[in-house]
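Below is one structure; the comments refer to it alone.
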Amino acid sequence: MNIDYQQLTAPCGLDCWNCLIYQAAENEKLKKMIADKLKIPEEKVSCRGCRAEKGQIGFLDMNSSCKVFRCITGKGIYSCVECDEMPCNNLHPFADLADKRPHNLKLFNLCQIKKLGITEWAEKKAKQNRERYFKGKLEL
C-alpha cells in the first residue's frame with residue numbers, strides 16, 4: 001500500500017491512516033461496527049484524514065476545525081514540528097479528550113517525527129505507538 005505520510009499525518013502528529021474511522025471507508029464491516037458502537041448512521045462513519053477534512057471530523061458535527069489545525073494554518077506552517085512554541089496548550093493531553101481518544105499520542109509522535117523524519121516515523125513507529133498506548137476505548 002502506497003501511503004502519502006505527509007498528507008495523512010495530522011498537523012498535531014496523529015497518524016490518520018491507522019485510524020479505524022479512516023480505514024472504515026474501505027471496510028463495510030468495520031464501518032458498521034463503528035456506527036453501532038458510536039450510535040451514529042453508517043454514512044457518518046467517514047474521515048479522509050485531518051488535512052483533507054480541513055481539521056474537522058464529519059461524524060462529530062464540529063462547528064469549526066480543531067485548534068491545532070487553525071493554529072498551524074494561521075501561522076502558515078505545515079505541522080507543529082515546525083513551530084517554535086511546541087509544545088503548547090493546544091497539544092496538552094486534556095485539550096482533546098485524551099482519555100477517550102488516541103490524541104494523547106500527539107506530542108510523543110511529534111517528537112519522534114522531529115527526530116526521525118516523517119517517513120521513518122510513519123513506517124517504524126506510528127502503528128507501534130498507537131497499539132502500545134491507545135487501548136481502543138474510543139468515545140464521543
Side-chain angles (χ1 to χ4, degrees):
M1 180 166 52
N2 192 13
I3 298 172
D4 182 346
Y5 296 125
Q6 190 79 19
Q7 179 65 22
L8 287 175
T9 298
C12 65
L14 290 178
D15 47 333
C16 296
W17 71 95
N18 282 323
C19 175
L20 293 179
I21 308 258
Y22 176 83
Q23 293 171 2
E26 302 295 324
N27 184 327
E28 291 301 319
K29 185 177 177 182
L30 180 59
K31 183 182 284 191
K32 181 176 180 6
M33 181 190 78
I34 292 169
D36 291 346
K37 181 175 175 72
L38 298 179
K39 296 176 179 49
I40 60 174
E42 283 185 46
E43 60 271 7
K44 287 263 195 179
V45 180
S46 173
C47 185
R48 299 172 295 143
C50 180
R51 293 179 192 284
E53 300 288 347
K54 301 199 182 322
Q56 294 186 329
I57 300 171
F59 74 91
L60 291 179
D61 294 323
M62 298 167 67
N63 291 331
S64 65
S65 59
C66 81
K67 291 178 187 177
V68 172
F69 192 86
R70 288 193 311 267
C71 182
I72 63 110
T73 302
K75 290 181 176 183
I77 58 178
Y78 198 75
S79 167
C80 295
V81 169
E82 301 171 45
C83 185
D84 293 335
E85 296 176 41
M86 185 187 103
C88 71
N89 285 337
N90 288 336
L91 297 172
H92 194 285
F94 297 113
D96 292 316
L97 303 171
D99 58 327
K100 299 177 183 177
R101 301 186 187 143
H103 293 191
N104 57 341
L105 294 173
K106 293 187 292 193
L107 193 54
F108 186 60
N109 285 345
L110 287 166
C111 290
Q112 287 187 326
I113 291 167
K114 190 171 188 169
K115 181 179 178 181
L116 302 171
I118 198 160
T119 301
E120 186 175 348
W121 164 80
E123 292 175 351
K124 295 181 179 176
K125 295 290 186 178
K127 187 174 183 182
Q128 176 186 14
N129 291 349
R130 183 179 289 261
E131 288 173 349
R132 183 173 190 181
Y133 298 110
F134 178 61
K135 301 303 178 192
K137 296 180 181 177
L138 181 65
E139 298 177 25
L140 292 181

Roughly how far, to the nearest 0.5 Å, is CD1 of I77 from SG of C83?
4.5 Å

Under 4.5 Å between side-chain heavy atoms, counting indirect links through other Ile/Leu/Val/Met/Phe/Trp/Tyr residues: same cluster for Y78 and V68 or not?
no

Closest non-hydrogen atoms of A52 and Q7, given as atom of the first, atom of the second and distance, are N-NE2, 3.7 Å

So, do L116 and K124 sit near enough that their side-chain heavy atoms are less than 4.5 Å apart?
no

Counting N and O atoms only, with roles assigned by atom type, does the side chain of R51 sit under 3.5 Å from a partner on the main chain of L8, one being a donor and the other an acceptor?
no

For D36, salt bridge (Lys or Arg N to Asp or Glu O under 4.0 Å) partners two or more places apart:
K32

Take atom CD of E26 as the centre, draw a 6.0 Å sphere, and report whether it contains more than 12 heavy atoms from other residues, nucleotides or ligands.
no

From CD (Q112) to CD (Q128), nearest 0.5 Å:
8.0 Å

Tell me, do C47 and C16 make a side-chain contact under 4.5 Å, heavy atoms counted?
no

Whether the side chain of D4 engages the backbone of Q6 through a donor-acceptor N/O pair (distance < 3.5 Å, no angle test) should be reported.
yes

Is there a side-chain contact between E85 and C80 (heavy atoms, below 4.5 Å)?
no

With a 4.5 Å limit on heavy-atom distance, are the side chains of L110 and S79 in contact?
yes

Locate the shortest heavy-atom distance separating A122 from W17; write the atom from each residue and the value.
CB-CH2, 3.6 Å

Distance (rounded to the nearest 0.5 Å) between I40 CD1 and E42 CD
9.5 Å

Between the CD1 atom in I3 and the CD atom in E123, the distance rounded to the nearest 0.5 Å is 8.5 Å

Just how far is it from atom CG of L20 to atom CE of M33, taken to the nearest 0.5 Å?
6.0 Å

Any non-hydrogen side-chain atom of K75 less than 4.5 Å from a side-chain atom of E82?
no

So do K67 and C71 actually touch side chain to side chain, heavy atoms under 4.5 Å?
no

How long is the gap from CZ on R70 to CD1 on I72, to the nearest 0.5 Å?
12.0 Å

Please examine the side chains of Y5 and D15, heavy atoms only from C-beta on, and report whether any two atoms are closer than 4.5 Å.
no

Mind checking whether F69 and I113 sit in one hydrophobic cluster, side chains of I, L, V, M, F, W, Y counted as touching below 4.5 Å?
no

Return the minimal non-hydrogen interatomic distance between A24 and V45, and the atom names on each side.
CB-CG1, 3.8 Å

